[in-house]
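Quick note: numbers below take in every heavy atom, side chains included, and nothing from hydrogens, waters or symmetry partners. Just so it is clear, the structure is predicted and the values come from calculations on it, not from any experiment.
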Amino acid sequence: MEVWKLIVSFLSGGLAGAIFKHFVDRYRNRIQKLECRYIEDEIISKLPVDYEDTTHNNLHSKKFKIVNTTNIDIDEIKIVFSFEPQSVVAKWTSYSKAGNDIPKGRTYNKKNECQFIIKHFNRNEEVEIYLEIGNVNNDRFNITEMNITGVKVKYIDKRKNTQRKIVTMVEKRELNASS
């Protein structure tokens with residue numbers, strides 16, 4: 001009888017441990033939420049303005065803060081900011097604990113998109129992104145993550161109530177359809 005109790009307790013303990021580990025792994029491996037906080041925006045100019053070698057109908061500034069709220073350290077992630085098809089990203093700057101322009105932001109084939117590659121993005125770290133956008137009509141934008149699985153960007157509007165206007169975050173397909 002003693003041997004039987006020992007075998008039953010050993011098997012049930014192993015089963016309970018396996019079930020517990022299953023739920024812990026399921027919780028850890030769920031889709032993580034990376035926060036993108038919209039800090040502030042401002043209209044720099046409503047009149048046509050010359051910026052470097054181009055002229056823009058208007059110029060807006062936007063400030064975002066990307067926070068790693070996941071439970072993992074991300075080796076590398078690419079964040080893409082997309083704006084209306086006729087918009088132009090005129091200036092971009094990023095700030096992190098490593099300093100200015102680290103990670104580097106770049107515009108690629110499309111002038112209305114800006115990509116930021118964040119390397120060694122540890123838990124609870126923050127990266128501030130400042131953008132100046134020209135030729136804005138409806139003030140719509142989209143934020144997406146690329147080349148990483150299991151992480152989604154969660155948009156949070158942290159602007160003051162006096163700053164909140166009709167700025168909306170939309171899906172990428174809606175942004176392209178509004179042209």
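Residues I72 and V153 share a hydrophobic cluster, clusters being chains of Ile/Leu/Val/Met/Phe/Trp/Tyr side chains in contact below 4.5 Å. Note on L59: it clusters hydrophobically with Y130, by side-chain heavy-atom contacts below 4.5 Å among ILVMFWY residues. I133 and V80 fall into different hydrophobic clusters, where Ile, Leu, Val, Met, Phe, Trp and Tyr are joined by side-chain heavy atoms under 4.5 Å apart, directly or via other members. No continuous path of ILVMFWY side-chain contacts below 4.5 Å connects I143 to V67, so the two sit in separate hydrophobic clusters.
Atom-to-atom distance recorded for N68:CG and E35:CD is 10.0 Å, nearest 0.5 angstrom. Atom SG of residue C36 and atom CD1 of residue I66 lie 4.0 Å apart, to the nearest 0.5 angstrom. Distance check: T69 OG1 to R123 CZ gives 12.0 Å after rounding to the nearest 0.5 Å. To the nearest 0.5 angstrom, D75 atom CG is 9.5 Å from N122 atom CG. Here the NZ atom belonging to K111 is positioned 14.0 Å from the CD atom belonging to Q86, to the nearest 0.5 angstrom. How far NZ of K21 is from CZ of R26: 14.0 Å, rounded to the nearest 0.5 Å.
A donor-acceptor pair is defined here as one N or O able to donate and one able to accept, closer than 3.5 Å; such a pair exists between the side chain of N112 and the backbone of E84.
Aromatic ring orientation, Y155 versus Y38: tilted (interplanar angle from 30° to 60°).
For the residue pair L131 and C114, the shortest heavy atom distance occurs at CD2-SG, 4.2 Å. Closest of all the heavy-atom pairs between I79 and I118 is CG1-CD1, 4.1 Å. A pairwise comparison of heavy atoms in E126 and F121 identifies N-CE1, 4.2 Å as the closest pair. L34 and I77 make their closest contact through CD2-CD1, 3.7 Å (heavy atoms, listed as atom of the first residue, atom of the second, distance).
Using modelled atom types, one finds a donor on one side chain and an acceptor on the other under 3.5 Å when comparing Q32 with N71. Side-chain polar atoms of S87 and N135 form no donor-acceptor pair below 3.5 angstrom. S82 and E113 share a side-chain donor-acceptor pair at under 3.5 Å.
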Run the side-chain hydrogen bond (donor to acceptor under 3.5 Å, both in side chains) test on D50 and T55 for me, step by step, so that the C-alpha distance in whole Å, both residues' side-chain angles and the decisive distance to 0.1 Å come before the verdict.
CA-CA 4 Å; D50 290 329; T55 301; 2.6 Å; yes
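Side-chain contact between F81 and V89 is absent, with no heavy-atom pair separated by less than 4.5 Å. For the pair K62/F83, a side-chain contact is recorded, criterion being any heavy-atom separation below 4.5 Å from C-beta on. Contact annotation: the side chain of H60 never approaches that of D41 to less than 4.5 Å [non-hydrogen atoms, C-beta and beyond].
Of the candidates K152, K154, K33, K78, K152 is the only one forming a salt bridge (charged side-chain N to carboxylate O under 4.0 Å, His left out) with E145.
In this structure, the ring of F141 has its center less than 6.0 angstrom from the ring center of F64.
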